[in-house]
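Have a look at the structure below, then the notes.
The shown structure was predicted, so the numbers you read here are calculated from the model rather than taken from an experiment. Read the numbers this way: they start at 1 and go in the same order the structure lists the ligands and their atoms.
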Amino acid sequence: MTIKENVEKILAELPAGVELVAAAKTRTGEEVLEAVQSGVKIIGENYVQEAESVYQVVGDKARWHFIGHLQKNKVKKAVGIFDMIETVDSVEIAQEISKRCAQIGKVMPILIEINSGREKQKSGVFPEDAEQLIKQISPLQNVKVMGLMTMGPRFGNPEDSRPYFVETRKIFERIKKLDLPNIEMRYLSMGMTNSYKIALEEGTNIARIGTKIFGERNYPEGERNSGSSYPMY
Ligand SMILES: *Cc1c(COP(=O)(O)O)cnc(C)c1O
């Protein structure tokens, strides 16, 4: 299957109102452009540097979501490229995004990343800490919380992801009811290639899909599943 066929199939199957984010880490500008020309409207990038090089090819033909772990020293560049940052998990990073956005007259839509598996080494805020974090972010002028994002486990039986998605959706609903100032709970971004169908059943309206669009990723030799320096998402 070509990238074009993959994109068309996924778009035809996604329910109305669900946005597709093409998760593009390790892909070339040409591959990503093919996806965009086939109907992808949003690119998800994990690394600012990779996004910059793909941006050279794709530019404003798509919108850009940051879906990786954002380091403070990359925020200035990131706010220039991205239209949404899906992975905010601390007040410090939200403050930095807000500060940098203020300098360029932008309000950045952000999602709060939930570490729904409560895995120590993973990014994201623990479910029980999400509400407090959102309340702390709410006064910041140049960011706007628009929902939640979670990964869930990447491998294994997709059904095993369901409890993580259910828990994330519960937090979403609870925070939505609080009706906090400057918080608009609109997006749930859950699931990947192996689990997005489960995520859809549990209410996601952003599907982040990489492998099913572009094929298996080629990691540097020996780095797959090895706790490597190249993060396994
Ligand atoms: C890589 C990645 C995806 C997509 O993963 P696939 O299994 O290739 O579909 C989704 N979300 C995030 C945050 C990712 O890093």
Side-chain angles (χ1 to χ4, degrees), residues 1-3 5-7 9-11 13-14 18-28 31-32 34-36 38 40-51 54 62-71 74 78 81-89 93 109-117 119 121-125 146-162 164-165 168 187-200 202 204-220 223-225 227-233:
M1 295 268 278
T2 62
I3 290 173
E5 288 167 334
N6 292 337
V7 168
K9 184 163 190 284
I10 293 166
L11 287 176
E13 286 173 4
L14 283 180
V18 176
E19 307 214 48
L20 173 63
V21 172
K25 59 181 173 286
T26 79
R27 316 299 180 175
T28 65
E31 288 173 296
V32 177
E34 186 179 342
V36 169
S38 310
V40 162
K41 295 199 167 56
I42 308 173
I43 309 297
E45 288 282 2
N46 295 65
Y47 304 97
V48 175
Q49 214 178 330
E50 228 176 82
V54 175
R63 283 179 286 143
W64 296 79
H65 284 199
F66 189 79
I67 62 172
H69 183 69
L70 188 55
Q71 288 165 318
K74 297 284 165 60
I81 297 177
F82 291 98
D83 302 296
M84 181 184 278
I85 296 176
E86 294 201 14
T87 47
V88 172
D89 64 358
I93 205 77
I110 62 174
L111 305 184
I112 302 303
E113 181 175 0
I114 307 294
N115 182 352
S116 52
E119 294 166 276
Q121 69 284 13
K122 285 263 178 81
S123 47
V125 65
M146 307 272 319
L148 306 180
M149 177 271 203
T150 200
M151 298 279 288
R154 161 128 202 253
F155 297 106
N157 182 349
E159 193 57 47
D160 296 342
S161 301
R162 192 183 297 276
Y164 304 101
F165 299 154
T168 303
Y187 296 112
L188 254 180
S189 176
M190 310 194 293
M192 300 172 281
T193 289
N194 85 329
S195 59
Y196 77 96
K197 290 188 177 161
I198 306 286
L200 288 171
E202 299 304 338
T204 201
N205 53 14
I206 297 181
R208 307 181 314 267
I209 299 178
T211 305
K212 197 171 176 173
I213 294 175
F214 299 106
E216 288 292 333
R217 281 181 290 279
N218 294 310
Y219 286 96
E223 297 215 342
R224 180 172 280 269
N225 294 332
S228 73
S229 55
Y230 200 99
M232 288 299 300
Y233 290 100

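Every atom of ligand 1 with a heavy atom of Gly210 under 4.0 Å away is listed here by number and element: 4 (C), 6 (P), 8 (O), 9 (O). Shown in contact with Thr211 at under 4.0 Å from a heavy atom are these atoms of ligand 1, numbered in order with element: 6 (P), 7 (O), 8 (O), 9 (O). Close contacts between ligand 1 and Ala23 involve ligand atoms 2 (C), 3 (C), 4 (C) [criterion: under 4.0 Å to a heavy atom]. Taking every heavy atom of Arg208 and a limit of under 4.0 angstrom, the matching atoms of ligand 1 come to 4 (C), 10 (C), 11 (N), 12 (C), 13 (C).
At distances below 3.5 Å, at least one donor-acceptor pair connects side-chain atoms of Arg208 with backbone N or O atoms of Ser189. Listed for the Glu34 side chain is no donor-acceptor partner under 3.5 Å among the backbone atoms of Glu31. Side-chain atoms of Thr150 do not come within 3.5 Å of backbone N or O of Met190 as any donor-acceptor pair.
For Met149, every heavy-atom contact with ligand 1 shorter than 4.0 Å involves the side chain, none the backbone. For Lys25, every heavy-atom contact with ligand 1 shorter than 4.0 Å involves the side chain, none the backbone. Using a 4.0 Å cut-off between heavy atoms, Asn46 contacts ligand 1 through its side chain alone, with no backbone atom that close.
Here Lys41 pairs with nothing under the salt bridge (Lys or Arg N to Asp or Glu O under 4.0 Å) rule; sequence neighbours left out.
Atom CG of Asp89 and atom CD of Glu113 lie 6.0 Å apart (nearest 0.5 Å).
Ligand 1 has no atom lying under 4.0 Å from any heavy atom of Lys212. Heavy-atom distances between Arg217 and ligand 1 reach below 4.0 Å in at least one pair.
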request  = List the steps and the verdict of side-chain contact (heavy atoms from CB on, under 4.5 Å) for Val21 and Glu86.
outcome  = CA-CA 11 Å; Val21 172; Glu86 294 201 14; 4.0 Å; yes
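Just one of Thr87, Ile110, Asp83, Leu111 meets the side-chain contact (heavy atoms from CB on, under 4.5 Å) condition when paired with Phe66; it is Thr87.
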